[in-house]
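Step one of this worksheet: look at the structure below.
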Amino acid sequence: MIENLVIVESPAKAKTIERFLGKEFVVKSSFGHVRDLAKKNLGIDVNNEFKPEYIVSVDKKKIVKELKDLAKKATTVWIASDEDREGEAIAWHLQEVLNLDEKKIKRIVFHEITKDAILKAIENPRSIDTNLVNAQQARRVLDRLVGFELSPLLWKKVKPSLSAGRVQSVAVKLIVEREREIKAFDSKSFYKVSGQFFTPGENQLLKAELSKKFNAVEEAEQFLEKCRDSEFLVNSIEKKPGKKSPAAPFTTSTLQQEASRKLGFSVAQTMAVAQRLYESGLITYMRTDSVNLSGLAISTASEEIKSSFGDNYLKIRKYKTKAKGAQEAHEAIRPTYISNRTIDGKSQEKRLYELIWKRTIASQMSDALLERTNINISISKSSEHFIASGEVLIFDGFLKVYIESTDDDIEEEAKGLLPPMKENAPLQYKSIEATERFTSPSARYTEASLVKKMEELGIGRPSTYAPTISTIQNREYVIKETREGLQREITILTISGDNTDSAIGKKLKKENFGSEKSKLFPTDIGSIVNDFLQQHFVDIMNYNFTASVEKEFDEIAAGKTDWAKMIGTFYGPFHKKVDDTMETSEKSKGEKILGDDPATGKPISVKIGRFGPMVQMGEADDEEKPRFASLLKGQSIETLTLEQALDLFKLPRSLGQYEDLEVTVAIGRFGPYAKHNNKFYSLQKEDDPHTVTLERAIELIGIKRVEEKNRIILEYKDEPGLLVLNGKYGPYIAFNKKNYKIPKSKTPAELTLEECKEIIEKTPDKPSRKRKK
DNA sequence: CAGTGAGCGAGCTTCCGCTTGACTT
């Protein structure tokens, strides 16, 4: 007999709590949800008030049995799952599965894992909030209906094994739309003017920028012309105080963003490292949307700040969450023991821990105080002004430990101290430059900036950000890639104060632009699926869909709406639309007509084929069979031009004859190759299949033949198909398209044919490897 | 290792949100 059984969601949490409570308490974990909708079919009876069919998940059978046994023996069972919608549902499912007298079960909640908080919770038990449970059931059922009705539609109309859902489809949409926005962006050039000035007799330089930007090179030229015989004057000096405040403590989303920017971690990597830190008891729970710190955390942080930096660095702050739909069942992510500035562990763990430590400490520190100075410089022959701005740090405050990064990669020049100046003092210029710049489109998403956007829209939860990002990449809707940029030429106009008589200097400079590092790009399939869903299911694809159903879930939680009724209102029209689309819509291949082949006049189109994106020349019902060619890596249906398509049809290409047989070049699955006598010879990086010569192909054939010859250690006259070869992993025997390992006891170069045959016979048939989930 | 693009059909795929190990190479 045990006195009390306490059930929480996470085993790490169970371990800590067990330490706080006495011997009369056994603390166990449910490992999250214990039941879910049946996986076969829908798992929902749509004709009977959407009655869900719940089953104990396979991986939870063991734990459920254990909890059942313990619960039977206990006098009281305390269900202490999180205080949010999912937590309440977990509590209800547990109650159902444990199948106990209701009087034996008590529902408790606590927000801090301290002895006091837990004992207080135990003094104030309540019963399970059925309305909140119903809100969760509505959420679960809606997601299942959307996912399990839209996905099969895609299998039929686009490609098997695809998926769609309330969250993932909108995440893909963000990326598809951003890509189109970037492709459609019309970059405009403009001129930015900056100058270097000095007070006669002094040698300190004052850098200043013109607030006006010029759109045409002529305007910039005219302005510099005016500057050349202008007088410059310090028009005004303005000083004003400024301050910077620290960012809130980490949530899952902000941790993922900062770990990506500062440490270069992927979203999944951040979560895996954080999980290890959590399990070692070093940080609090890492899946949270709360920016709140416990009283204990704030007081230990205060101590740490006072002793390390001094009283004037301390400023206790309460942060409020801005995220839509935040449920705040946990604390913010922080070190468990704030006095530990560093930890032992792997390099990744140390770095992430230090980031969390700094962010937590900084959040309770004073503002940084600055003095900002603007010097306004007038130009006698123009009404424009140059402005020099500087910034001096008066008090560093939280900046002593932590500076938050931003996504904007616009290099902001470090503003520093300005040289001393007097109002109305005359200035001379050392040089004035007009530099050509270009307007740029919104940046492509990184994994972390996509999470940030999803959080803003209220789509997804802390526990699903990382898995969702993985799903859309696994389905190949989206690909994370580094792409090289392009080069462009910019014009720089200069006048020099040392030589006021000479003409305006003009030089051209090359600059790189548009390169992307680890950014998310939509694939052809991603775009096609997005357009298909957008065309037929606008409501679900709307960025506000989640926010609006969340409002209805809140109504259910408040007991104002019946959950099955709410689902019914949604499902009626939705299901009809699914049926209609299944019946009437054509298969979606993303087909685009590019134009006609100038040589034959046949139409050329691009679309998704059985093996991926391809171009087609001619129609299927023509007398002559149409020609096909796959798109190359990096090309996409959306952006392929007729010219590029024609290039694709130039292969395979015949180079001529060698040893009485034809040599051809083409591009295969593994890149460009030359083919001769049914043997393949890979082209090298420097070879272009469109221009490579017969001579070069023959050279490659020669090289490979020598290599092949060197591979052969032994061959036998009596058995031409049996060879002893030198491979990547050492010598081996090749026979009948199978490879055999040579025992260590034998010297490969001395093997006789008989010995080889013996080895082959003794080698057992390898069972063909089967793919398991 | 190496261009494939027909059609039929069985049997499979799929959602979101809680939580961590456990299959093998």
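Given the structure is predicted, the values throughout are model-derived calculations rather than measurements. Just so it is clear: chains get the letters A, B, ... in the order the sequence lines come, proteins before strands, and each one is counted from 1.
In this structure, Ile567(A) places its CD1 atom 13 Å from C1' of dC15(B), rounding to the nearest Å. At whole-Å resolution of the value, CG in Asp59(A) and P in dC18(B) are 16 Å apart.
With sequence neighbours left out, Lys577(A) forms a side-chain hydrogen bond (donor to acceptor under 3.5 Å, both in side chains) with no residue at all. For Glu662(A), the salt bridge (charged side-chain N to carboxylate O under 4.0 Å, His left out) test picks out no residue, with sequence neighbours left out. Residues passing the salt bridge (charged side-chain N to carboxylate O under 4.0 Å, His left out) test with Asp687(A), sequence neighbours excluded: Arg696(A).
Within 4.0 Å of Leu150(A), counting heavy atoms only, lies no atom of the nucleic acid at all. At the heavy-atom level, Gln136(A) lies nowhere under 4.0 Å from the strands shown. Contact annotation for Gly165(A): backbone-only contact, meaning every heavy-atom pair under 4.0 Å involves sugar-phosphate atoms and none involves a base. Residue Ser29(A) is classed as having no contact, given no heavy-atom separation below 4.0 Å to the nucleic acid. Across all strands, Tyr285(A) comes closer than 4.0 Å only to sugar-phosphate atoms, never to a base (heavy-atom distances). Residue Val167(A) is classed as a sugar-phosphate contact, given heavy-atom separations below 4.0 Å to backbone atoms only.
Every pair passing side chain to side chain donor-acceptor pair (under 3.5 Å) that includes a residue from residues 456-467 of chain A is listed here, sequence neighbours excluded: Asp289(A)-Arg461(A).
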Polar atom pairs between nucleotides 4-7 of chain B and protein, under 3.5 Å, N or O only, would you list them?
unit_1, atom_1, unit_2, atom_2, d
dT4(B), O4, Ser630(A), OG, 3.3
dG5(B), O6, Ser630(A), OG, 3.1
dG5(B), N2, Arg610(A), N, 3.3
dG5(B), N2, Phe611(A), N, 2.9
dG5(B), N2, Gly612(A), O, 3.2

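Contact annotation: Arg461(A) does not reach the phosphate of dT19(B) (side-chain N/O to OP1 or OP2, under 4.0 Å).
Where stacking is scored as ring centres under 5.5 Å apart with planes under 30°, Phe31(A) does not register as stacked on the base of dT20(B).
Environment of NZ in Lys589(A): sparse, with no more than 12 heavy atoms of neighbouring residues, nucleotides or ligands closer than 6.0 Å.
One finds no salt bridge joining Lys602(A) and Asp597(A) here, because no Lys/Arg side-chain nitrogen approaches an Asp/Glu carboxylate oxygen to under 4.0 Å.
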Open item on the list: Dot-bracket for DNA chain B, please. Rules: Watson-Crick or G-U, both distances under 3.5 Å, ( ) within the strand, [ ] when a pair crosses earlier ones, | for another strand, . otherwise.
Closed with: .........................

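Nearest heavy-atom pair across Thr252(A) and Pro462(A) is OG1-CB, 3.4 Å.
Checking His690(A) against Asp647(A) by side-chain atom types alone, no donor-acceptor pair falls below 3.5 Å.
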